[in-house]
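Written out below as structure tokens is the structure these notes cover.
Side-chain atoms are counted along with the backbone in the values below, which use heavy atoms only and exclude waters and symmetry mates. Fair warning: this is a prediction, and the values are worked out from it, not measured in the lab.
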Amino acid sequence: MIKCALIRLIISIMQNPFIFYCRPGFENDCVAEVQSFAGECDIAGYANAKSNDGFVRFYVFDESDADTFFQELDIQELIFARQWFWTKTELQELPLADRVSPIVKVCKELGTAGKLIVEHLDNDTGRELSKFCKKITTPLTIALEKNGVINKKGESDSEYQHHVLFMANDHCYIGYSPIGKASELKGGILRLKSPKNAPSRSSLKLDEAIQVLMSNKQRKAIFRLGHTAVDLGAAPGGWTFQLVQRGMQVTAIDNGPMDKQLMATEHVIHLKENALTWMPQKPVQMLVCDMVEKPSLVAKLMAKWLLEAKTEQAIFNLKLPMKKRFQEVSDCIGEICDLLEEQEINYYWQAKHLYHDREEITVYFRRQMPKQN
């Protein structure tokens, strides 16, 4: 009897995985990261993923550990994961005449929520479901409001948000996550339109990084008239463009040519110098860097700028190798942290494999003043 009860418990837990979304092709990196995070929390489990699916399932062996894992997870501490939630039910073969009612029934069992997020994966199958997801969101939201699961204004005392992830138009996962510790964006993706006059599409990478990795307070403090920035490896000026748009005076370092229209703003000084060795005479508020160099080399360079107080903040990309990408990222960021800690410099950092990133991640570091006693 004890053995049968244990088997039923294990089966129950195995049916409720944590789901993490990632960029298709980076499932192994997401797995490595989630397993590392679980290990730091002393939580045992295993991951299940297929190449190019764009998501990972993580199963926690112990029920109490699953609750702990749920409380500890925070999307800001994850690099390769865009979104996550704890699955409570998987519905298959939903009746085509009424998909809403079965979903509402499950959501009522989960309890009230601050909001509903209807999602699809960022893979070929998922993108085909985008129109369907938009279509079903309104009737599903109305039904949940009528049943008191979410209120009509989207305001609630609930600390949670419900997720409905469609794998097909008759197949979905339903679960929830804590508001503020998972993304409030569908799929964890911030969708942006490329400005018509941007010198390159890479401009979107910095735009997304600024909006995702920096708080409103941090953005207001840095991006203002009179503040200065440096863009290493700037040409033709995609990242410089974003800084100028936010009111900064930018020194662009690159041997290549800069966009003429951008230079005409008179907010850019172009220096044809070696971006790996050039340093400013006066400190700047922001350093950005999107050079195609070894990630370890870029990490050392960013650490040097921060250690010598040549910049208050830095946003930079680390180009990733083909294998062991999570390990490479951990090593590079770890090296910067170690060097700052050796000099007793207070800092904050966050990194993300952004939607507009490809074979790279974007990292944000900020020197911080020590807390006053």
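If you check the side chains of Ser101 and Asp98, you find a donor sitting under 3.5 Å from an acceptor. Under 3.5 Å, the side chains of Thr240 and Asp231 contain a donor-acceptor pair of N or O atoms. A donor and an acceptor atom, one from each side chain of Gln161 and Tyr176, are nowhere located under 3.5 Å apart. In summary, the side chains of His227 and Gln249 do not present any donor paired with an acceptor at a separation below 3.5 Å, with no hydrogens or angles considered. If you check the side chains of Gln327 and Arg325, you find no donor sitting under 3.5 Å from an acceptor. Residues Ser64 and Asp62 bring a donor and an acceptor atom of their side chains to less than 3.5 Å of each other.
For Ser203 (side chain) and Pro199 (main-chain N/O), no donor-acceptor pair under 3.5 Å exists by modelled atom type. Side chain of Gln92 to main chain of Cys172: no donor-acceptor pair is present (N/O by atom type, distance under 3.5 Å, no hydrogens or angles). Remark: side-chain polar atoms of Asp357 are paired, donor with acceptor, to backbone N or O of Leu354 under 3.5 angstrom. In this structure a side-chain-to-backbone donor-acceptor pair under 3.5 Å is missing from Arg99 to Pro95. A donor-acceptor pair is defined here as one N or O able to donate and one able to accept, closer than 3.5 Å; no such pair exists between the side chain of His162 and the backbone of Ile174. A donor-acceptor contact shorter than 3.5 Å is absent between the side chain of Asn147 and the backbone of Val149. Judged by distance alone, the side chain of Thr87 and the main-chain N or O of Thr89 form no donor-acceptor pair under 3.5 Å. When atom types are taken as modelled, the side chain of Ser215 and the backbone of Gln218 share a donor-acceptor pair closer than 3.5 angstrom. Lys352 places a side-chain N or O within 3.5 Å of a backbone atom of Leu78 that can act as its donor or acceptor partner. Distance alone, capped at 3.5 Å, is enough to place a donor-acceptor pair between the Arg219 side chain and the Gln211 backbone.
To the nearest 0.5 Å, atom CG of residue Leu307 and atom NZ of residue Lys300 are 12.5 Å apart. From Ser177, atom OG reaches atom CG of Leu73 across 10.0 Å, with rounding to the nearest 0.5 Å. With rounding to the nearest 0.5 angstrom, the CH2 atom of Trp305 is 12.5 Å from the CD atom of Glu312.
When each of Arg201, Arg191, Glu208, Lys205 is tested with His356 by the rule side-chain hydrogen bond (donor to acceptor under 3.5 Å, both in side chains), just one qualifies, namely Glu208. With respect to Asp207, the side-chain hydrogen bond (donor to acceptor under 3.5 Å, both in side chains) criterion is satisfied by exactly one of Gln245, Lys193, Arg246: Arg246. Just one residue in the list Phe69, Phe70, Phe37 forms a ring pair (Phe, Tyr, Trp, His ring centres under 6.0 Å) with Trp84, and that residue is Phe70.
For residues 127-139, every residue pair satisfying the side-chain hydrogen bond (donor to acceptor under 3.5 Å, both in side chains) rule, not counting sequence neighbours, is listed here: Asp122-Arg127, Asp124-Arg127.
Linking ILVMFWY side-chain heavy atoms closer than 4.5 Å, directly or via other members, places Met302 and Leu297 in a single hydrophobic cluster.
Close placement of the His353 and Phe26 rings is indicated, their centers lying within 6.0 Å of each other. Two rings, from Phe166 and His120, have their centers 6.0 Å or more apart.
Taking Ile, Leu, Val, Met, Phe, Trp and Tyr as members and joining any whose side-chain heavy atoms lie under 4.5 Å apart, directly or through other members, Ile179 forms no hydrophobic cluster with any other residue. Taking Ile, Leu, Val, Met, Phe, Trp and Tyr as hydrophobic and joining them when side-chain heavy atoms fall under 4.5 Å apart, one finds Tyr173 in a cluster with Ile19, Tyr21, Phe55, Phe85, Leu121, Leu165, Met167.
At a threshold of 4.0 Å, the pair Lys319-Glu359 does not count as salt-bridged, since none of the basic side-chain nitrogens sits closer than that to a carboxylate oxygen. With salt bridges taken as basic N to acidic carboxylate O contacts below 4.0 Å, none links Lys181 and Asp74.
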